[in-house]
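Worksheet for the structure shown next.
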Amino acid sequence: MSEEQIRSLENQFEARIARDEKIEPKDWMPEKYRKTHIRQMSQHAHSEVVGMLPEGNWITRAPSLRRKVALLAKVQDEAGHGLYLYSACETLGISRDELYDQLHSGKAKYSSIFNYPTVTWADMGAIGWLVDGAAIINQVPLCNTSYGPYARAMIRVCKEESFHQRQGYEIMIKLANGTPEQKELAQDALNRWWWPSLMMLGPTDAESIHTEQSMKWKLKRKSNDDLRQQFIDQTVPQAELIGLTIPDPDLKWNEEKGCYDFGEINWDEFWQVVKGHGPCNKERMKARVGAWEEGEWVRDAAMAHAEKKQERKQKQAV
Amino acid sequence: MKNENLYNYILGIADNSLILGQRMGELCGHGPSLETDIACTNISLDLFGQVRSYFQYASKIAGDNRSEDDIAMLRKEREYKNVLLVEQPNTDFAYTMARQFLFDVYHLAFLSELQKSTDLTLSAIANKCIKEVSYHERFSSDWVKRLGDGTEESKAKMQDAINYLWTYTDELFHQTEADKIMVSEGAGVDVTKLKEAYYKNVGDLLEVATLEIPESKYFQKGGKEGIHTEHLGYLLSDLQYMQRTYPNMEW
Ligand SMILES: [Fe+2]
Ligand SMILES: [Fe+2]
Ligand SMILES: [Fe+2]
């Protein structure tokens with residue numbers, strides 16, 4: 001193809017997106033579009049899967065059977081999101097094994113929030129309420145993104161995430177209305193998860209890369225700072241309603257702007273965790289790589305068995 | 001307690017699901033693939049769902065204000081009535097699947113009999129659970145076949161798991177006092193009558209899986225009387241942690 005032909009294809013492609021048409025796997029797409037989508041979608045898939053670990057940590061210790069069942073179902077949903085997103089990513093011509101390799105080698109990222117430890121039961125409430133809550137804010141705009149398989153995945157995923165968010169908030173309500181000890185558990189969890197949840201919405205706009213291109217492709221529809229403001233404005237009243245205090249002395253309602261002013265985020269901590277030096281980065285990777293390596297003989301056996309079965313079938317046919 | 005036999009009988013059934021569900025829940029996020037992770041979590045989820053139905057019923061029978069959670073999480077080690085098989089650890093994926101398979105074949109046969117119970121609550125629970133359990137049985141049998149008739153390594157691992165767990169299978173068919181009384185009343189399942197078909201079905205599948213049927217005639221028992229292996233105490237300390245640390249609270 002000549003350069004001119006490519007440019008014309010690119011123009012048609014951008015025009016389709018501008019008209020709100022969906023791009024499908026078989027459609028022509030610029031290489032950069034493909035790569036950017038593989039990066040973002042796989043990062044999202046990896047986050048779902050690594051995100052199973054901090055919550056999986058409390059399955060055996062859930063305080064009641066009802067909570068245990070709900071937590072199992074939630075973590076199972078996250079695994080399902082991972083599976084769904086990996087499949088969507090595979091439509092761009094990359095295999096799940098390659099994507100795993102990128103995760104295990106540290107080349108691919110996942111959401112930094114999962115590098116914080118879940119130290120008490122209340123963290124199951126805080127994660128559902130805040131982390132799934134922030135994820136929804138990030139993801140709802142993606143239900144209209146330009147790449148068809150990703151947009152469809154997001155519609156389904158967001159429905160379940162909002163269920164998780166309500167479930168998490170409900171855990172917090174119960175704790176906040178419980179004994180003084182339970183209330184303390186809830187407040188402590190909010191104290192520890194509040195700032196990392198704000199960081200989840202990404203670096204401040206001044207430091208954020210790739211934003212303009214992503215806006216055009218509808219991979220990003222609002223800036224990080226706008227999303228963060230939306231999250232804060234939505235979450236502060238929820239905390240107040242159940243008598244919990246947001247751990248930010250600078251937080252206050254700004255009548256003029258019609259939104260909350262809030263304190264300085266510790267970006268040094270953010271970058272430290274992103275660069276692999278958070279409280280649990282090493283444990284999370286060790287758990288994922290360990291599961292993968294220890295599972296190799298199982299996957300090999302499944303493959304060998306399927307081949308034997310196929311062979312026997314062919315022999316029978318002859 | 002007025003209906004102590006029924007209460008003990010329910011616990012004898014429910015504790016198997018409780019302890020196995022707890023074991024399967026340990027694996028979440030650590031399985032050999034995302035698909036097996038989802039399946040194992042799903043089995044755990046089904047088992048805990050069953051546990052809730054049984055313990056809600058047991059709590060009604062006990063009539064002493066103990067909730068399903070009190071019954072599940074606040075008994076002493078010697079009061080758990082599960083068979084030794086289900087408390088065995090997740091040594092590796094072969095052990096996990098072998099344990100599941102050896103229990104599922106029994107569980108499926110047991111529930112299909114329990115459906116006929118004259119106790120309408122028990123038969124209704126059995127009715128509800130049997131679909132789930134037949135899925136578990138298909139899943140675990142498939143894995144026994146895959147690993148048995150897979151690679152040399154997987155065959156050795158699956159054979160080792162079957163050999164090790166075999167010693168715990170005979171206990172499934174022991175009758176407790178509560179069993180005997182419940183059977184005489186038409187509400188309980190006579191587990192002694194399930195034994196022959198069990199070993200036949202298990203044997204047939206092991207053969208398809210190109211595995212050897214263990215010949216050992218030595219078996220372990222005790223779980224049904226509350227005498228467990230050393231593994232159970234650790235499992236209970238996780239299961240009971242919150243209820244013991246924060247007593248008398250609602251979650
Ligand atoms: Fe997500
Ligand atoms: Fe998710
Ligand atoms: Fe979620």
Side-chain angles (χ1 to χ4, degrees), chain A residues 45 48-73 75-80 82-83 86 96 100 120-121 171 174-175 177-179 181-182 185 287-288 290-292 294-309, chain B residues 18 21-42 44-45 48-49 51-52 55-56 67-69 72-73 92-94 97 142-143 145-155 157-158 209 235 237-243 245-246 248-251:
Chain A
E48 302 285 352
V49 170
V50 177
M52 293 167 70
L53 297 169
E55 289 184 283
N57 182 35
W58 277 88
I59 286 173
T60 59
R61 291 174 295 167
S64 69
L65 292 172
R66 183 171 84 90
R67 293 292 181 202
K68 198 191 281 281
V69 166
L71 183 59
L72 273 162
V75 181
Q76 193 190 25
D77 282 350
E78 307 301 5
L83 203 55
Y86 282 127
R96 213 205 296 178
Y100 278 151
T120 74
W121 167 254
I171 291 176
K174 198 83 186 172
L175 294 173
N177 293 329
T179 64
E181 240 178 320
Q182 284 175 306
L185 279 176
R288 284 316 312 164
W292 185 246
E294 273 167 43
E296 191 176 354
W297 69 270
V298 176
R299 297 188 303 273
D300 289 349
M303 191 88 86
H305 179 77
E307 278 165 15
K308 282 186 195 176
K309 242 171 118 175
Chain B
L18 174 71
Q22 184 77 0
R23 277 287 182 236
M24 292 306 269
E26 288 171 10
L27 291 171
C28 200
H30 305 280
S33 70
L34 210 42
E35 286 82 354
T36 51
D37 247 15
I38 292 176
C40 290
T41 312
N42 197 52
S44 179
L45 197 54
F48 280 114
V51 166
R52 292 195 67 195
F55 285 158
Q56 281 162 13
S67 67
E68 52 171 309
D69 295 321
M73 298 172 178
D92 63 19
F93 192 69
M97 284 302 108
D142 280 349
W143 273 106
K145 282 189 269 183
R146 261 182 222 125
L147 298 181
D149 191 19
T151 63
E152 265 185 41
E153 186 186 8
S154 72
K155 187 197 196 75
K157 285 194 150 113
M158 185 43 93
L235 181 149
S237 55
D238 279 352
L239 178 70
Q240 301 189 341
Y241 169 69
M242 288 297 289
Q243 289 281 340
T245 312
Y246 303 92
N248 303 315
M249 296 181 203
E250 275 182 49
W251 303 95

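To find a chain, count down the sequence lines: A is the first, B the second, and so on, and within it residues start at 1.
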Can you tell me if [X] uses its side chain to pair, donor with acceptor, with the backbone of [Y] under 3.5 Å?
X	Y	answer
B/Gln22	A/Thr60	yes
B/Arg146	A/Met303	no
A/Arg299	B/Pro32	yes

Region of [X] in contact with chain A, defined by heavy-atom distances below 4.5 Å:
X	result
B/Tyr241	side chain
B/Asn42	both
B/Lys155	neither
B/Tyr246	side chain
B/Leu18	side chain

For the atom pair [atom1] ([X]) and [atom2] ([Y]), what is the distance rounded to the nearest 0.5 Å?
X	Y	atom1	atom2	value
B/Cys28	A/Asn57	SG	CG	11.0 Å
B/Thr41	A/Met52	OG1	CE	5.5 Å
A/Leu53	B/His30	CG	NE2	5.5 Å
A/Ser64	B/Glu250	OG	CD	9.5 Å
A/Ile59	B/Asp238	CD1	CG	12.0 Å
A/Asp300	B/Glu152	CG	CD	13.0 Å

Please name all residues satisfying side chain to side chain donor-acceptor pair (under 3.5 Å) with B/Thr245, sequence neighbours left out, ordered by chain then number.
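Partners of B/Thr245 by the side chain to side chain donor-acceptor pair (under 3.5 Å) criterion come out as none, since no residue qualifies.
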For B/Asp149, enumerate each residue passing the side chain to side chain donor-acceptor pair (under 3.5 Å) test, keeping only those at least two apart in sequence or located in another chain.
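Partners of B/Asp149 under the side chain to side chain donor-acceptor pair (under 3.5 Å) test: A/Lys308, A/Arg312.
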Heavy atoms only: give me the nearest [X]-[Y] pair and the separation to one decimal.
X	Y	value
B/Gly29	A/Ala291	O-CB, 4.4 Å
A/Leu83	B/Ile38	CD2-CD1, 3.8 Å
A/Leu72	B/Gly25	CD2-CA, 4.4 Å
A/Ala301	B/Leu147	CB-CD2, 3.7 Å

Leading residue by heavy atom contact count with chain A [cutoff under 4.5 Å; candidates [options]]:
options	value
B/Gly21, B/Ser33, B/Ser44	B/Ser44
B/Met97, B/Arg23, B/Lys157, B/Glu68	B/Lys157
B/Thr151, B/Leu34, B/Asp142	B/Leu34
B/Met73, B/Lys145, B/Glu153	B/Met73

Using non-hydrogen atoms only, which part of [X] is less than 4.5 Å away from chain B: side chain, backbone, both, or neither?
X	answer
A/Leu71	neither
A/Val75	side chain
A/Leu65	both
A/Ala62	backbone
A/Glu181	side chain
A/Arg288	side chain
A/Val49	side chain

So which of A/Arg96, A/Glu55, A/Glu307 has the biggest tally of heavy-atom pairs under 4.5 Å with chain B?
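Looking at each of A/Arg96, A/Glu55, A/Glu307 in turn, A/Arg96 comes out on top.
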If you tally heavy-atom pairs under 4.5 Å against chain B, which of A/Gly82, A/Gly290, A/Ala73 wins?
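Among A/Gly82, A/Gly290, A/Ala73, the one with the most close pairs to chain B is A/Ala73.
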With a 4.5 Å heavy-atom cut-off, do A/Arg67 and B/Met242 have their side chains touching?
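With C-beta onward as the side chain, the pair stays apart.
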Any non-hydrogen side-chain atom of B/Trp251 less than 4.5 Å from a side-chain atom of A/Gln182?
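Yes; the side chains approach each other to less than 4.5 Å.
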